[in-house]
Amino acid sequence: MTTHRPVTAPSHPAAPRTSRLHFWATAYTLLVMLTGTNVPAPLYHGYEEQFGFSALTLTLVYAAYVLALVPSLLVAGPLSDSLGRRAVLLPAVALSALAALVFALADGVAWLFVARVMQGLAVGAASGALTATLSELEPGGDRRRAALVSNVATMTGLAVGALLSGTLAEYAPDPKVLPYVAEIVLLVPAAVAIATLPATRVTVPWRPRRPSVPGPLRGVFALCALAAFLAFTVIGLFLSLIPSYVAQLTGNGNLLLGSGAVALLIAGSAAAQVLAYGRATFEVQTLGLVLVGAGLAGLAVAGGLASLALLLVATVIGGAGQGLTFLGGLTEINRRAPASRHADVLSSYNVAVYLGAGVPVIGAGLLATRTGLLDAVRVFAVVMAVLCAAMVTALLLRRDGGEPKAANGGGRT
């Protein structure tokens, strides 16, 4: 989900074996940092009960991460181009560990907000540098392979975070402490790996990115960005409210059940992206939105029927749709963006993605304070499904008969 234009190179090229080690250590760091961002997901329902806050507050706690991440991505993200990768990544890993500690010590909702903001700042600053480092250290110089590893590490981290937290919280002592201790332990080798990265040669003065799209690209960009925005509302909904929704729907408070639903969504997204790799972007993006809408509609029906089986099927469908929509839009933007504005355009696309994951779900939280969680999720899902259908219509109308390109995420570095 993050993009970066590599502008530095190792001062002293590493030997191939060392380069491979650094490459996979960097991938591990990305995975572990993303794991930490999803550790709280299965625990939100428990925090809600323990601290006595509403579903609206829950969604605001979740969204605080995104609202901190976006400016950090644009302002702090480019710092590694000027200061070197290690100078940015080491503080970011430390901040991630500190955020986990704040979560572990939390005795009120304010602590949750602080921890989520810290996570957003850390990931926003580090994600571009980690993606760039993967491109620079890929042993064969294959940037497409580096991008694939980045995608897999990101999605795997999100899934592992939910499953690790749900398992430890359900079956081990100290459910609101031990998952964060595990995250801190996992971050230690990441810090060691970053500290041993090859030094980088600074070539570019620091300047913050700003969302920017060239005039001729704005029509296509708007449609792709809106599609991604809608698709990522599924991610936001699942990471914030679905564990609580599953608990109320089934009457089963097992935390692994809710975290499993989150992991299933992410697995569906990752699998769909792998299967669609190389296919035409227009068809990929359109099919993705259809599946997102179908998954959301299925989620609403599952709530009305109190059917866990239908909910899980809808989860896989929605996850697959989210992955396809993101892949198709990213590839379309990649192939159309001029080389001189590539990073700026992709940064703008990422802003739409992250805002989609963090902002709309606040509306579901607000609605839940009036109608209850089950009804709020059903209404939210139906509204978003209708918007997806409208977006599919817009995509069909804009198709200009140009040669569709393969959905390979090309140029994502």
Side-chain angles (χ1 to χ4, degrees), residues 1-2 4 22 24-44 47 61-80 83-106 110-134 150 153-165 168-169 176-197 239 262 266 350 354 357-358:
M1 290 169 53
T2 56
H4 198 79
H22 286 139
W24 291 112
T26 301
Y28 170 82
T29 302
L30 179 61
L31 185 152
V32 172
M33 290 191 71
L34 269 295
T35 293
T37 67
N38 225 6
V39 166
L43 307 178
Y44 284 140
Y47 287 130
V61 169
Y62 166 77
Y65 164 78
V66 175
L67 297 179
L69 186 149
V70 169
S72 179
L73 178 71
L74 298 173
V75 175
L79 273 176
S80 72
L83 302 180
R85 306 296 183 222
R86 287 182 300 191
V88 171
L89 291 175
L90 277 175
V93 170
L95 188 58
S96 290
L98 185 59
L101 180 61
V102 172
F103 266 121
L105 298 175
W111 290 65
L112 305 183
F113 276 107
V114 170
R116 287 298 280 172
V117 167
M118 292 169 70
Q119 285 183 331
L121 293 174
V123 174
S127 55
L130 287 170
T131 305
T133 303
L134 285 171
S150 176
T154 297
M155 302 308 292
T156 302
L158 292 175
V160 168
L163 290 175
L164 174 68
S165 177
L168 292 178
K176 294 185 178 67
V177 174
L178 190 58
Y180 301 111
V181 173
E183 167 65 9
I184 292 171
V185 170
L186 291 172
L187 283 167
V188 172
V192 173
I194 295 303
T196 60
L197 282 178
L239 295 186
V262 173
I266 296 167
N350 281 332
Y354 283 118

Enquirer: Under the criterion side-chain contact (heavy atoms from CB on, under 4.5 Å), I'd like the reasoning laid out for Leu187 against Met33: C-alpha separation, chi angles, the key distance, then a yes or no.
Expert: CA-CA 8 Å; Leu187 283 167; Met33 290 191 71; 4.3 Å; yes

Enquirer: Using the side-chain hydrogen bond (donor to acceptor under 3.5 Å, both in side chains) criterion, which residues pair with Tyr44? Sequence neighbours excluded.
Expert: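 Expected list: Arg116.
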
Enquirer: I'd like to check the side-chain hydrogen bond (donor to acceptor under 3.5 Å, both in side chains) partners of Tyr180; sequence neighbours left out, ordered by chain and number.
Expert: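 With sequence neighbours excluded, Tyr180 shows a side-chain hydrogen bond (donor to acceptor under 3.5 Å, both in side chains) to Tyr47, given in chain and number order.
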
Enquirer: For Ala182 versus Leu164, what's the shortest heavy-atom pair and its separation?
Expert: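 Here Ala182 and Leu164 meet closest at CB-CD2, 4.3 Å.
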
Enquirer: Can you sort out the partners of Ala63 under side chain to side chain contact (heavy atoms under 4.5 Å, CB included), two or more places apart, ordered by chain and number?
Expert: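 So Ala63 forms a side chain to side chain contact (heavy atoms under 4.5 Å, CB included) with Ile362.
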
Enquirer: Using only atom types and a distance under 3.5 Å, with no angle test, would you say the side chain of Gln119 pairs donor to acceptor with the backbone of Gly36?
Expert: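 Yes.
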
Enquirer: Quick one: OH on Tyr354 to OG on Ser127, what's the gap to the nearest 0.5 Å?
Expert: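 Rounded to the nearest 0.5 Å, the OH-OG separation comes out at 5.0 Å.
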
Enquirer: Could I get the full list of side chain to side chain contact (heavy atoms under 4.5 Å, CB included) partners for Val177, not counting sequence neighbours?
Expert: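 Counting only residues at least two positions away or on another chain, Val177 forms a side chain to side chain contact (heavy atoms under 4.5 Å, CB included) with Ala104, Asp174, Val181.
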
Enquirer: Mind listing the closest non-hydrogen atom pair of Leu95 and Ala122 along with its distance?
Expert: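 Smallest heavy-atom distance, with atoms named: CD2-N, 3.8 Å.
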
Enquirer: First locate atom CZ of Arg85, then atom CG of Leu197, and finally report the distance between them rounded to the nearest 0.5 Å.
Expert: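 Taking CZ in Arg85 and CG in Leu197, the distance rounds to 10.0 Å.
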
Enquirer: Of all heavy-atom pairs between Leu67 and Pro71, which one has the smallest distance, and what is that distance?
Expert: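 Minimum heavy-atom contact is O-CD, 3.1 Å.
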
Enquirer: Return each pair, listed once, that meets side-chain hydrogen bond (donor to acceptor under 3.5 Å, both in side chains) where at least one residue sits in residues 25-42; pairs must be two or more places apart or across chains.
Expert: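 Found none.
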
Enquirer: On a heavy-atom basis, which atom in Ala195 and which in Leu90 lie closest, and how many Å separate them?
Expert: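 Heavy-atom minimum between the residues: N-CD2, 4.1 Å.
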
Enquirer: As an exercise, state the distance from CD1 of Ile194 to NE2 of His22, rounded to the nearest 0.5 Å.
Expert: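 Answer rounded to 0.5 Å: 9.5 Å.
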
Enquirer: Within this structure, what is the CG-CG distance for the pair Leu163 and Leu158, rounded to the nearest 0.5 Å?
Expert: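 So the CG of Leu163 and the CG of Leu158 are separated by 11.0 Å.
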
Enquirer: If you measure from CG on Leu30 to CG on Leu130, what distance do you get to the nearest 0.5 Å?
Expert: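 Rounded to the nearest 0.5 Å, the CG-CG separation comes out at 5.5 Å.
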
Enquirer: Minimum heavy-atom separation for Pro40 to Phe103, with atom names?
Expert: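 Smallest heavy-atom distance, with atoms named: CG-CZ, 3.6 Å.
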
Enquirer: Compare every heavy atom of Leu101 with every heavy atom of Ile184, then report the nearest pair and how far apart it is.
Expert: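 What the structure gives for the nearest pair is CD1-N, 4.0 Å.
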
Enquirer: Holding to side chain to side chain contact (heavy atoms under 4.5 Å, CB included), I want the full list of residues that pass it with Ser165, two or more places apart in sequence or in another chain.
Expert: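 Testing Ser165 for side chain to side chain contact (heavy atoms under 4.5 Å, CB included), a comparison that skips the adjacent residues, returns Val39, Pro42, Leu43, Pro179.
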
Enquirer: Got a sec, which residues hit side chain to side chain contact (heavy atoms under 4.5 Å, CB included) with Val117, two or more places apart in sequence or on another chain?
Expert: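 So Val117 forms a side chain to side chain contact (heavy atoms under 4.5 Å, CB included) with Ala64, Ala68, Leu121.
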
